[in-house]
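Letters go in sequence order (proteins before strands), and every chain restarts at 1.
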Protein chains: 2
Amino acid sequence: MTSMTIGRLAAAAEVGVETVRYYQRRGLLAVPEPTHGQVRHYGDGALARLRFIRRAQQLGFSLDEIADLLGLDEHTDRNAARALAKEKLAQIDERMARLSAMRSALTELVSCCEHTSTTQPCPILHTLAHPDERQSTAYSKSIAAG
Amino acid sequence: MTSMTIGRLAAAAEVGVETVRYYQRRGLLAVPEPTHGQVRHYGDGALARLRFIRRAQQLGFSLDEIADLLGLDEHTDRNAARALAKEKLAQIDERMARLSAMRSALTELVSCCEHTSTTQPCPILHTLAHPDERQSTAYSKSIAAG
DNA sequence: CTAAGGCCTGTAGTCAGGTACGGAGTCAAG
DNA sequence: CTTGACTCCGTACCTGACTACAGGCCTTAG
């Protein structure tokens, strides 16, 4: 059971000291009593908790959700954990779908811009300005023609 | 050339009045001189600009980037517009890649959780807590076995 | 013993894109 | 003429996850 000051703890978990304190304020991490004097000391449990938080963040969980996850027990809360994970998966799918829609719209505009005469107005800017008049371009015609 | 107060303009563009004012503060939209009295009036140009902003947002552009786009000319700035669009595409791809990584990690964990004995600790919580000890499960074995 | 660095608490600022609110003026309908 | 809706302006607040001080105390190396 190693004992660390907050600075060493933060370094070990590869986060900033201020981040550790922030997690404490958020209630994700306990604030130990000062061991002697006014300096607080942290054990391996705190480090494990910080690493848990970081990994859960990498999976897309918010700090509020991570607070819930931290409250679960490996042995008795399987269903709850799986439910949270599935919910998160659904959110990720939704975000990916939105990004995918942006992607295809942008891709179409860029292709269009690359394949039309430069004497025409820029299809990107033009479509943003007047999306209603769907301009007929060489590109869109070639698409339509298959 | 219709003339609208800010409320009608906002309604026509399907944004809030406060949002219009916010765009004015950001410099995306001009603040016209009060026509008479203290009430300002807006024309179709302002409406077109608001719609441009909304559509560009749907394509993933930030308000700062939209400010740049609004400064471009359909006829003379094709290259600049295309460059911005391509840059945005790259950012979208990056975000999708990150989401995709989250997605597959979560999917794996959920599957694992569904296919292992409930007498075992929850793989999701366990992996978050101890990612080093990669636990060997019926699921991971079946994967390994092909 | 002293200086540098680390720790303590508390408050405030950052980013983006809004949203809310307060108080005062204005405008149109009834 | 009043009432209610709308506008104007300025300022403050919101989310999420930090990040940055300020001012004071403690600790440790030289």
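Distance from the side chain of B:Gln57 is smallest for C:dG17 among the nucleotides C:dG17, D:dA12, D:dC18. With D:dC8, C:dT19, C:dT9 as the candidates, the nucleotide lying closest to the side chain of B:Arg40 is D:dC8. Comparing atom distances between the A:Leu63 side chain and each of C:dG25, D:dC18, C:dG17 picks out D:dC18 as nearest.
Side-chain atoms of A:Thr127 do not come within 3.5 Å of backbone N or O of A:Ile124 as any donor-acceptor pair. For the pair B:Arg8 (side chain) and B:Ser3 (backbone), a donor-acceptor distance under 3.5 Å is absent. Judged by distance alone, with hydrogens and angles left aside, the side-chain atoms of B:Arg103 form no donor-acceptor pair with the main-chain N or O of A:Asp93 at under 3.5 Å. Judged by distance alone, with hydrogens and angles left aside, the side-chain atoms of A:Asp77 form no donor-acceptor pair with the main-chain N or O of A:Ala80 at under 3.5 Å.
Looking at B:Arg25, its side chain comes within 3.5 Å of the base of C:dT19 through a donor and an acceptor atom.
The OH-C1' distance, from A:Tyr42 to C:dC8, rounds to 10 Å in whole Å. D:dT15 atom P lies 15 Å from atom CD of A:Glu65, rounded to whole Å. In this structure, CD1 of B:Ile6 is placed 13 Å from P of D:dC6, rounded to the nearest angstrom. Between the C1' atom of C:dA16 and the CZ atom of B:Phe61 lies a distance of 17 Å, rounded to the nearest Å. Atoms CZ (A:Arg54) and P (D:dC18) sit 9 Å apart, rounded to a whole Å. When rounded to the nearest whole Å, the span between CG of B:Asp64 and C1' of C:dG17 equals 11 Å. Taking atom OH on A:Tyr22 and atom P on C:dT14, their separation rounds to 17 Å, with Å as the unit. In this structure, B:Arg26 places its CZ atom 7 Å from C1' of C:dG17, rounding to the nearest Å.
Of the inter-residue distances, the one linking A:Arg82 atom CZ with A:Leu72 atom CG reads 12.5 Å to the nearest 0.5 angstrom. Rounding to the nearest 0.5 angstrom, the gap separating the CG atom in B:Leu63 from the CD1 atom in B:Ile53 is 7.0 Å. Rounding to the nearest 0.5 angstrom, the gap separating the CZ atom in A:Arg95 from the CZ atom in B:Arg95 is 7.5 Å.
Note on B:Tyr23: every side-chain N or O is 4.0 Å or more away from OP1 and OP2 of C:dG17. OP1 and OP2 of D:dG16 both lie 4.0 Å or more from every side-chain N or O belonging to A:Ser62. An OP1 or OP2 oxygen of D:dT19 is reached within less than 4.0 angstrom by a side-chain nitrogen or oxygen of A:Thr19.
Using a 4.0 Å cut-off on heavy atoms, none of the residues of residues 8-16 of chain B approach DNA chain C.
Comparing A:Val39 and B:Arg21, the nucleotide of DNA chain D nearest to each residue sits closer to the 5' end for B:Arg21. Taking the nucleotide of DNA chain C with the nearest heavy atom to each of B:Gln38 and A:Gly7, the more 5' of the two is matched to A:Gly7.
Among A:Cys112, A:Cys113, A:Pro121, the single residue meeting the side chain to side chain contact (heavy atoms under 4.5 Å, CB included) criterion with A:His126 is A:Pro121.
Heavy atoms of A:Glu18 sit under 4.0 angstrom from at least one base atom.
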